[in-house]
Colleague: 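The structure is given below, and queries will be raised subsequently.
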Protein chains: 2
Amino acid sequence: MKGLENKNFIPNLSFDCVIFGFNGKLLKILVLEYHNTGFFALPGGFIEVDQSIDEAAKKGVKDRTGLDNVFLEQFHVFGEVDRADPEHMRQILIANNDLTEENEWMLDRFNTVGYYALINYEEVTPTPDQFSDSIGWYAIDELPDLMMDHNQIVEKALIVLRNNLSEKLIGMNLLPPKFTMKQLQSVFEAILDQKLRRTTFQRKMLSLDILERHEKLFQGKAHKAPYLYSFK
Amino acid sequence: MKGLENKNFIPNLSFDCVIFGFNGKLLKILVLEYHNTGFFALPGGFIEVDQSIDEAAKKGVKDRTGLDNVFLEQFHVFGEVDRADPEHMRQILIANNDLTEENEWMLDRFNTVGYYALINYEEVTPTPDQFSDSIGWYAIDELPDLMMDHNQIVEKALIVLRNNLSEKLIGMNLLPPKFTMKQLQSVFEAILDQKLRRTTFQRKMLSLDILERHEKLFQGKAHKAPYLYSFK
DNA sequence: GATTATTGTCATAAAGTGAGACAATAATAA
DNA sequence: TTATTATTGTCTCACTTTATGACAATAATC
């Protein structure tokens with residue numbers, strides 16, 4: 001199998017990544033479509049015997065997005081006995097001519113560690129993995145039916161993201177290094193799925209003392225030019 | 001091996017539990033001491049092939065405490081390659097006369113799912129597992145050196161507990177079904193490791209509308225008797 | 001029956017948030 | 001060149017929440 005040969009993986013354990021991006025309007029995630037099966041799935045993979053789970057997930061995100069140094073955090077382990085139907089994996093292996101004896105371990109029960117990543121949408125070149133022929137951005141409320149329990153994994157990731165948004169101040173990971181206050185507000189609104197009050201939002205963000213204001217203004221629109229900010 | 005024979009476990013994956021209790025003054029956790037090795041460790045175990053990770057952890061807590069229906073939640077997966085020194089496990093197996101060929105899988109790399117539990121200290125009868133000769137409560141700031149990365153696991157559990165305390169309102173799980181406002185405040189103070197203001201705390205708790213006040217008062221002290229409350 | 005320690009509640013001050021007003025200004029239209 | 005438009009940065013005032021202290025109520029003890 002391309003890419004998996006000569007590697008030793010830990011059995012019964014995988015990782016799956018909910019990779020969030022923001023296109024200026026909508027919160028989106030990266031979804032793979034597998035060859036000839038019509039299955040949609042989250043980007044994921046297995047853990048090599050001499051690789052930490054974090055390293056494996058980090059490499060997974062790098063391979064699918066080209067990005068290094070991304071905000072990436074595990075959020076939950078999904079450990080139900082029958083969370084993954086082995087029949088799905090069988091069909092994927094068959095579609096790839098990979099249903100060999102040495103790959104049978106992939107049909108076993110799998111526990112998976114869920115990770116979520118926040119990335120700068122503009123910097124990404126999505127790249128399919130060896131099983132899939134397409135990878136693309138899907139708005140969070142227009143996801144296709146995903147394999148196994150991947151829709152639930154996304155749900156849980158969203159809950160955790162919403163909880164951590166204000167507390168950990170991670171929203172800026174979805175934006176370019178320099179951004180306007182309005183862009184930042186849009187990120188919060190997209191994630192929380194609610195409108196926020198402009199003046200209150202601005203006052204709060206500034207009071208947190210985490211933003212650096214740059215004198216260089218963002219111009220090009222027919223109105224007062226807003227400041228650009230970066231994360232301190 | 002007593003208790004493990006005839007069972008099929010998932011390799012390379014375990015769980016460990018940080019079981020919190022509150023004795024009225026201090027926040028404590030349950031720690032095991034292993035036979036003849038002097039090793040201290042968190043209660044934990046392996047996951048059977050037809051058992052979810054949650055079920056395994058739940059059973060682990062039941063076996064060590066006798067308690068069912070306990071607040072129990074996973075908080076982190078520890079997946080570093082060398083987080084567990086196989087030499088420790090080897091010594092434990094030797095001390096138990098269990099270092100057989102069929103137990104060699106226990107010497108392999110292990111990823112572990114960390115759980116934390118909050119229990120009513122008074123209801124517990126701590127029970128050692130088959131490898132350990134003692135189990136006992138240790139104050140959170142007087143823990144012995146634990147095996148492997150178990151001290152770090154406790155650290156992380158504490159951080160998560162502190163974060164979730166106010167948000168998820170889980171503090172009452174450390175108390176008997178009926179408790180006074182002062183007891184509840186003591187729990188918060190022990191977990192957060194800081195003094196809280198009595199009137200503010202009381203007003204906040206009552207405003208949350210999660211407590212039921214009972215007319216039956218707690219008596220026995222030389223002052224006005226406080227109300228008893230229970231969780232709604 | 002007075003004393004003591006602690007409780008339940010209120011009063012006031014301080015801090016934080018909601019909601020709108022208004023001047024400033026970059027591009028566009030006149 | 002000047003007026004218009006849309007949006008930004010900031011301020012104000014009302015309202016809500018939190019901090020802090022005061023005080024009466026009361027169960028056991030002296």
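The model shown is predicted, which means the values in this text are computed figures rather than measured ones. Convention: sequence-line order gives letters A, B, ...; per-chain numbering from 1.
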Colleague: The criterion is ring pair (Phe, Tyr, Trp, His ring centres under 6.0 Å); which residues satisfy it with A:F22, sequence neighbours excluded?
Modeller: none
Colleague: Enumerate all atom pairs, one protein N or O and one N or O from nucleotides 1-5 of chain D, separated by less than 3.5 Å.
Modeller:
unit_1, atom_1, unit_2, atom_2, d
D:dT5, O2, A:A222, O, 3.4

Colleague: Toward the 5' end of DNA chain C, which comes first, A:S207 or A:R198, by nearest nucleotide?
Modeller: A:S207
Colleague: What I'd like to find out is whether the side chain of A:L27 reaches to under 4.5 Å of the side chain of A:L158, using heavy atoms alone.
Modeller: yes
Colleague: Checking A:H35 now: which residues fulfil side chain to side chain donor-acceptor pair (under 3.5 Å) with it, not counting sequence neighbours?
Modeller: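 Here the qualifying residues are A:N96.
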Colleague: Provide the full list of ring pair (Phe, Tyr, Trp, His ring centres under 6.0 Å) pairs with a residue in residues 191-215 of chain A, sequence neighbours left out, each pair given once.
Modeller: A:F188-A:F201
Colleague: Test of understanding: with salt bridge (charged side-chain N to carboxylate O under 4.0 Å, His left out), list the residues that count as partners of B:E73, not counting sequence neighbours.
Modeller: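 Per chain and number, B:E73 pairs via salt bridge (charged side-chain N to carboxylate O under 4.0 Å, His left out) with B:K168.
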Colleague: What pairs with A:T37 under side chain to side chain donor-acceptor pair (under 3.5 Å), at least two apart in sequence or on another chain?
Modeller: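 Partners of A:T37 under the side chain to side chain donor-acceptor pair (under 3.5 Å) test: none.
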Colleague: Are the ring centres of A:F179 and A:F231 closer than 6.0 Å?
Modeller: no
Colleague: For B:Y34, enumerate each residue passing the ring pair (Phe, Tyr, Trp, His ring centres under 6.0 Å) test, keeping only those at least two apart in sequence or located in another chain.
Modeller: none
Colleague: Tell me, please, which residues at least two apart from A:F71 pass ring pair (Phe, Tyr, Trp, His ring centres under 6.0 Å).
Modeller: A:Y116
Colleague: Could you give the start and end, 5' to 3', of the contact zone on DNA chain C for chain A, using atoms under 4.0 Å from its heavy atoms?
Modeller: C:dT17 to C:dA27
Colleague: Any salt bridge between B:K59 and B:D63, counting N to O under 4.0 Å?
Modeller: yes
Colleague: Tell me every residue that passes ring pair (Phe, Tyr, Trp, His ring centres under 6.0 Å) with B:F39, counting only those two or more places apart in sequence or in another chain.
Modeller: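 B:F39 satisfies ring pair (Phe, Tyr, Trp, His ring centres under 6.0 Å) with B:H88 only.
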Colleague: Enumerate the protein-to-nucleotides 19-21 of chain D contacts in which both atoms are nitrogen or oxygen and the separation is below 3.5 Å.
Modeller:
unit_1, atom_1, unit_2, atom_2, d
D:dA19, N7, B:R203, NH2, 2.9
D:dT20, OP2, B:R197, NE, 3.1

Colleague: Grab the CD-C1' distance between A:E215 and D:dG9 for me, whole Å please.
Modeller: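 Rounded to whole Å, this separation is 13 Å.
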Colleague: A side-chain contact here means heavy atoms from C-beta on lying under 4.5 Å apart; do B:I135 and B:V31 qualify?
Modeller: no
Colleague: Given atom CD of B:Q202 and atom P of D:dT18, what is their separation to the nearest angstrom?
Modeller: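 These atoms are roughly 15 Å apart.
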Colleague: Taking only Lys NZ, Arg NE, NH1 and NH2, and the carboxylate oxygens of Asp or Glu, determine whether A:D209 and A:K232 approach each other closer than 4.0 Å.
Modeller: yes
Colleague: Which residues within residues 174-181 of chain A lie with some heavy atom under 4.0 Å of an atom in DNA chain C?
Modeller: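 Close to the strand, none.
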